[in-house]
Each structure stands twice: as C-alpha cells, then as structure tokens.
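Input: a single structure, listed below in structure tokens.
Every chain is numbered from 1, with letters handed out A, B, ... down the list of sequences. Everything quoted here is computed from the prediction, not taken from an experiment.
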Amino acid sequence: MNIWEILFYIFIFPGLTFLLLWTFFVFYFSRKALAYIHKRVGPHYNGPAGSLQTVWDIFKLLTKESITPKSADPYLFNIIPIITPLVAALPVILIPWTPIINHGHAILDTNYGVLGLVVLIGVEPFLLFLTGFGSHNKYSFLGGMRILAQMISMEAPFFLAALSPALLFGTMNLYDIMYSNTWLTTLILLPGAIIFIIAMLGILEQPPFNIPDAEQEIVYGFYTEYAGTNYVLLKFAEFTEILVVSAAAVTLFFGGYRGIFFDSFWWLFFKIVILAIIIVAIRASNPRLRLDQMLKFTWSWLTPLAILNLVWITFAKIYILGV
Amino acid sequence: MLKVLDFFNYARSKSPWIVHFCSGCCSLEMLAAMGPRYDWERYGYIMTPTPRQADIIFITGLVSKKILPALLRTYEQMPEPRYVVAIGACAYDGGPYNDSPSVIKNMTEILPADVFVAGCPPKPEAIIAGLEELKEKIKRGEPSASSQGGLWKQMKF
Amino acid sequence: MEKIKEVLNKFDMEYVEDYKPTWVKAKLKNKDDITKVVEALKEIGVRSCSTVSPTDYPEENRMEINYFLEDIENKKNVWLKVDIERDLEKCEIDSITPILESADYHELESYSTFGVKFKGHPNLRYFLISADYYGKFPFRKDFDWDEHEKNVIENVNKISEEFFEEYEENEETMGHEGSRTVLHWGPTHPASGPIRLKVYTNGENIEKVEPDIGYVWRALEKLAERKDFIGTIVAVERICFMDNTNPMICYAQAVEEIAGKEITPFAKYMRVILGELGRTVSHLISLGGFFGTMGLQTFLMWCLDVREYFLDVLEDYSGARIATACIEPGGVRYPLNDYKAWFAEIDKAIEKWESVKPDIEDIFLKNPLMTVRAKDIGIFTKDDVIDNYLQGPIARASNVKTDVRLDEPYAAYGELKMDYVTCENGDTRDRLYIIYKEINQSIDLMKQAMKKIEEGIEAGEMDPKKDHLVKMPRRMPEGEAVSRVEWARGEMLMHLVTMPKSTNPYRLKLKAPSVNHTRMLEKLLPNHTLSDIPLLYGSMHICQGDLDR
C-alpha cells in the first residue's frame, strides 16, 4: 500500500468524500421518501427536484454560531462531536466495498472482521451518552441515560445475530462470508437477518426505537443543546453509522457487492437503498415504543430468539448443508 | 472573500429552519402550511424541536404577558444569525385582543420582526410568501431587525 | 326534578323555579347554607360542578355567585345563586371543593379574577392570571385597565421574577443529588403548546404533576364586556380556533333567549351543518395529533389533507378558513345563494374522507404498536368521569352517556336521527376510537341536515336567500341566560347577563371543558413514565385556547 493509495482511501473512497456524499444523499432520500408517504412533495425548489436542499442545509449549519452553554462542560461538549464521526467512520475499512479495490477484499482484510465490526459499532452509543452528559441539560441527560439503556439491551441480540453467518460458514472474514453465501444459505440466515435488522433499528435509534431523541418526550434528547458545526458533526456521525450498519447487514446476510450477472459496488448500494426504504417505511407507519416496553421486548423476546437462531444455524449446518 | 460570503448567504437563504414555538392561534395555520396541500418543505423550511438549531422564530399570533419571557428566552437561545417572523394581526398591535390587558400590544417594538404577515389568521399561502420575502433579505446579507434594537434588551427574562 | 326541588325547598330560599326542561333555578338567601345545600344535592345524585361564575354589582354592593351543578346520569341541572358582600375583606364564602372536587379550578379562577375567597379550599392560590395581577382581581368592574397598562415592561419583569424565584426554590428543595428533579414540560416544548406542566420525576417515573396555566390568557370574558352584542362574536369564536363554529352557536343562543327571538328552521339546520363541520375539522387534528404524540407524523399529515377539504367548505361559505364568524344572534350570517354548489362541496369533502377511511382503519387504528402503547393505560371509570366532570369524547369513551345534543337538544338536533356514540373501556386507545366514531357521526348528521334543507326548499318552506337571519333588537332587555352546546371537546356553557337597554354584555362567563381535563392530569400522570406524558396529554384533547380564555 503506497501513500497515495492510503490518501485515496482516507479522503476519497471509502473515506471522507464518499461519506459526505452519502450523508447528502441519505438526508435527501429520507426526507423525500417520508414526504411521499405523507402525501407531500418534500424538498422541491432547491436544485433539480430539491436535490441540493441538504447541501445548503449543511453549509448553512457550518456558518452558524456555535454555542457552548454556560453550564455545560466545555471540553466534553466540544470534543465528543469530533471523536464521534471518526469512530463511526472506522468500521468502513472492515467492509469489502467493491471488487476493484484491494482485489475485492476489505481495506483491512482481517480474519476477525465480524468481531471488529460489531465492537466498533457498539462503541458509538457510549460516545453519544457522553454528549448528553456533557450538555448539563436535564433533557439531554435523560436522552443520554436512555441511549445507555437501549445500547446495553440491543447489543446482545445484535452480537448474537451477527455471529450466525460466522457460525454457519466457520469464518469471521467478511470476504469469505460474502463469497460463501448462496441462495440456500441466504434462506437459512433469514431469521438471523430479521433479528439483525430489528436490533439495528435499536442501535441506530430509528423508529420504533427512537427513544433517546424522542421529540415529543424529551425535546431532542442528547442533540438538544447542539448548534451549528457540532450538530453537523453529530448528524454526520449518525448517517455514517447508518451506512456502516446497513452495509454490514448486507455483507453478512445478503452477499455484499455480489449480484446477478456482474459484481459491483452498485449492487451493494442497491441493497443498502432497499434496506433504507424498509427503515423509512417502518418509520412512517409505526409509533414509538416506551423505554420499559423496549427493554421487555429485547430481553424477553429478541435475545432468546437470537439464541434460538444460533441453534437453528447449527442444526442447518449439520443436517442441511451436511458439513 | 466577498464571493465566499455571498455563497454562504445564499446557502443560508436556501435552508431556513424554524423553531417550534406556539404562543397563539396562528400556529394552527402553520400546521396547515406544513401539511400536504401547502407543504412548505418544498421550499426547504423545516421545523426543529430545539431553538439551538433554528434560524427563524415565529411569533404565532398573540403573545400574552406570561409567555413573553419564554418567547424572549427561546429567542436568546438561538444561534446568530437569527430572524423573527411575526404572523397574524395580534403580533402587530394586539389585533382582536387590542382591548385585552393581558396581551402584549406592541410586540414588534419589543422584538422587531423582519417580516410581518397580515391576517387573522393569515392563510398558509401568505405565510409562505412572507417567508420567501425573508429569504431575499437573508440573501442580500442584511442584518436582522431584532439585532438592531428593540425593547427586549431592557427586559429581564 | 321534583326531588331536587324538594331538597332545595328544605332550605331558606328566595325562589325555586323551573328553567328550561332540564334545569332548576334557585336562589339561596343565606350564604352560610351553601355547603349544606350542595351536600344534600350530592346525596340525590347531583355530583358534578360545571362551573362557578361570580357576577359583580358594584352599585348594589353585592357579588352574586352562580353555581352550575349537574347530575350527569339523569340529565338534571341545577342553577344555584347566592349573594355575598362585595368588599374585599368580607367577600368570602365556604368552598364546595371538599364536597364536589370538580369545582376546584373554577373556584381558583373566581378567586384570582374576582377576589372571592373560598374558605376551606384545600389550596387557595392565584391561578390563571399572570404575576402582575396578583392581588388586583382584574375582572372586578372597578379595576382600572388603562392604569395597569401604562408600565408594560415592569409588569413583564415582575412575571419573570416569579419564574426566577421558583427556579431558586427548586434548586434549594430538590438539589443536585439523587435522581429526583423537576422537569418543566412546556411552554416551549415541541409537544406541549402554551401550557407548563411541572413534572416532579424520580428518574423516568413521575411522582407529581402541577399544571401551570395562563400562557394564552386573553381575558375574553372581560373583552366581551367592552364590545357590543355582534362584536362579542369576535371574542367568543376565538376561544379555540380548532372548532370555531360551536362557541358562536352557544353565544347566539344565549342572546336569542334574552331577546326572546326564535330563529328560522333553515338557520337551525344551517347551524347543524356548520357546527358539525367545525367538529369534524377539530377532530381531524385530534385524531392525527394522537399519533403525533408518539412520534408518528404520517397520520397527522393524512388528516390535514382531509381537513383542507372541510376548510374549503367553510371558506366557500364565510370567506375565511378558520376565523369564520359565520353565526350571529338571529341565525347565520350569510345567505346561501347557490345551495347546490355548496352542498356539492360538502359532498366532495365527505367523499375524500370516505376514500381514506379503509387505509386509516388498516394502518393506524389497528396498529399493533399503538395498541401496545395505548391499551389499558390511563383508564377512567364512570365515577372518575362524574366526580371530575369530564365531558364530551373523554366521558363517552368511558361509556358515560352524555351529549348535550341529545340531553338538551338545540338548533335542529331534536329533529335528526342520532344516538350516543360510546366506547367500553375508557382507556387511552378508546379516546382515539371515540374521535374516529364521532367524525363518522358528524358526517351522518351533515348528510341528514342537507337532505332536510333540500326537502324544505323544494317544498317551498325555506328560502336560502332570505331565511338566514332574523332581525334582532339593537338594545337588549335585562335578563340572564344560560346556554349549552356540545363542543368538539366537551360541553361548553355560557352564562350571559345583560342590563336594561344595554348594547353590550354585562357579564359573559365562558366555561370550557379543557379546564377540568387539565385538572385531571394531576391525577392521571403520576405513576406513569415520562414517555407517557405526551400520549396521555394528547389523549385528553386539551386545547390551551379554551383552557385559559
């Protein structure tokens, strides 16, 4: 790996530029899709079909006054928004994005890919808790506490579901998992995939698990005190996390960039967009759960189901695949 | 340098975010402006739950004395540059409550508004037209009226 | 009725007489008897206090207190009057709150605005009025508004100081240790509207709730005294813009009663149509807002989409979408020049509603997550409803059959086919379903009324171009009237007092349902979690406009 290659990875693909473009896209896409379900139009006049709307939004937020509240912890309050997007972007190097780069492998091609992915995704909510803690605002703090509760209970089924392809194929290398996947194994992994997607909604704070930033209950949760650039950075981290987690779901369960007729990055993108459509559809038709109901759901339903799923995978491995 | 500033002014004018603040009946027509028929998101307007991320605060109709400190405090919490839009006759001179002692009659003196939309309540089209006018003002880079003066600076809140 | 009269006649009364089919009107001679009378009435089933309304007579040096009591189950009402002295020191009477708890907020309101001290009230304090009016009693006839108006900035600073004091007090009593704190839910909260709930929490659990109201207090009752009888419509219709037409019906009926005029059948049917339009428009927001409180905007947007069509109908008739001012004493304000075109517009709106109904039922009313959130929480029993005098959809969701349209038919409701719509359980989900059922009922009533008007016009009995208004006298005779309507969110009661040959109301008491519903929050919210506040609050369909007036 020479220096130019590394710089390309960091700044162009799958680094900064790609993630920024993704942020512009997903912000616009979710607004437009949600508006369609709302029987509205959504952003329309700024740019072709409103496509420049999020670009203007982000440039505007960058030029706004950045406020640090008097009572907030100034270091915690301002440093966490810088660390958060970095941590959120780290798992990018573990995912095989396209057949062109690095012969189809991930940039960091390791045999512990699944483990690294799950751990790096799991760190993120803790940083968001610190933003709430540092704001010294009652609503922010409540949002922070809620995110901790949600993280602890959602990560157990998330881990267990992510383990199911590793168990089935006997490897933790994401490239191998992707290439071992066939139509039959996709079917075998389907229960695991569904559990993974439900847990993913919890990790990403998407409805019906958007409890930590519940607008009607605790204003905006841990975002409440953030303005201007800090807010952009936090939002950037949030959308990056969405990208990473959905890319992980696609790579683990639906064959990553492999597709019909040809293998390409666009297949991966297409699958991620389908996942995003599912997330938006759930968001547009379901109200939010209560915190205690979420805890009850994860611990008495989702986690036991994830364990049962591992049993099913073992069973399928022995009797269906006959390994 | 001037070009860069112009670019940012342009970006600002294209994405005005509005803080949720309901102080009177006109917020009902704001709800209609958000709704499917008028849909102000087409122009880029969006509601934010907290004042920290907002550019515009709406004085929605009447402001009673009791809610005024809360309104000013919300305004103080917004980051610069911030703009004020007053909608409804009450926000100008008390409107139908002009005789009422518990309503602030000189709201635009206390917190000068950049744009005033007339009506009781103004139609959603009028609200959107008023906001479009504010966009032009932001694009020209003019300072907001409330930063220039107003009685709000003398008040405790 | 006879039973109530019998009980009342046991006491020292100036008079006991019949008033309207379901009312008994009585005046008590001695103010010390009030608690005994109310106790005796409670024993025979008059368990709810609708409102307490003082009227100030400075010349005669007396303050007349009107109690409006109700027996919800048997549809009987009692209007009890008693005179007390006007001087601030002697202006006191025994509180009936320990007997009928629904009088609580109404007594506080009378105390804050008129200075009537209620002895024995559990927590007598200033309420509704802002801090600059403390100790000044602004609704008394001799209060000088203009003098008070001179120094606005000082007054506002006084209000701010009250907030600061409260903040410091909380800092001292609650401290920063432990998990107990006070959350101020409003007035700038995204889901609250202009009301402040002081929520005492322990972590996520609510221990105590204290509503702080008055953020949109416009002193409408006083405002009405400064306008003439037509101009008062402006004040009355602004009680709440969500359902704009029904308060005007209520006010117009009171004026007509004093003037002794009867309106035409055409105007009566028009009032039914306009009233039901107002109710539908209001309910559509309530319906969508219920899901909005749980973070789901889709349904609200769909409801707004339908609502626009109903607003088109109102705009077509009156020229305004929301502030219609289309009903005035004597009938309805405008003639119907082309009634077929207007009815076609209504049909279009109804069709729009019918077209989204299947989707609403499938996606939202049967939504499993909504059921998980809203089923079996916040249950009101029949006793809760009667003791706290909950009204309208909230009462009917708990299977209490109360509806002014049927109990005391006004306009043309007596000639239309309708029945009580009720739900069984009285939980939060039922308070959503009842709204949905009532929209369908309203649409049915509109169709019936349109049919009756069409038949009347064809038979030559009605003339839509002339019959809309009966001429009302410019000066009203002396009198007193009580008028009730079924408003979108409950019963609305207006008590109008006029002086001889007057051009403006002497006293207009507006009583709206949200006051009792807000009081109910104190009992409803404790022992729930923070997440339930918006849901339970949204399910009460409270509007701050009619809470503060």
Practice item. Assess whether atom OH of Y36(A) is packed by more than 12 heavy atoms of other residues, nucleotides or ligands within 6.0 Å. Key: no

Revision key, fill the gap. Max heavy-atom pairs within cutoff under 4.5 Å with chain C, candidates N210(A), L34(A), L142(A), goes to L142(A)

Review point. Considering only heavy atoms, which portion of A284(A) lies under 4.5 Å from any heavy atom of chain C: side chain, backbone, both, or neither?
Key: both

Practice item. Enter the distance from H189(C):NE2 to Y139(A):OH here, rounded to the nearest 0.5 Å. Key: 4.5 Å

**Study point:** F133(A) atom CZ: more than 12 heavy-atom contacts under 6.0 Å
**Key:** no

Point to revise | Spatial distance of atom CD1 (I218(A)) from atom CH2 (W185(C)) [nearest 0.5 Å] | key: 13.0 Å

Revision key, fill the gap. Output for pair (S531(C) OG, R288(A) CZ), nearest 0.5 Å, gives 8.0 Å

Check your understanding: Does the side chain of R146(A) come within less than 4.5 Å of E204(C)'s, by heavy atoms?
Key -> yes

Study note, to complete from the structure: Output for pair (L369(C) CG, S285(A) OG), nearest 0.5 Å, gives 8.5 Å

Review point. Between N367(C) (side chain) and P287(A) (backbone), is there a donor-acceptor pair under 3.5 Å?
Key: no

Point to revise | chain A neighbours within residues 292-306 of chain C, where any heavy atom lies under 4.5 Å away | key: G292(C), T293(C), M294(C), G295(C), L296(C), Q297(C), T298(C), M301(C), W302(C), D305(C)

Review point. What do you reckon, is NE2 of H136(A) surrounded by more than 12 foreign heavy atoms closer than 6.0 Å?
Key: no

Point to revise | Heavy atoms of other groups near D362(C) CG, more than 12 under 6.0 Å | key: yes

Review point. Chain A heavy atoms under 4.5 Å from V356(C): which part of the residue, side chain, backbone, both or neither?
Key: side chain

Study note, to complete from the structure: Applying a strict 4.5 Å limit to non-hydrogen atoms, the region of I533(C) in contact with chain A is neither

Check your understanding: Can you tell me how far CG of L530(C) sits from CZ of R290(A), rounded to the nearest 0.5 angstrom?
Key -> 11.5 Å

Study note, to complete from the structure: Most contact-rich option vs chain A, by heavy-atom pairs under 4.5 angstrom, among L535(C), I363(C), T529(C), V372(C), is V372(C)

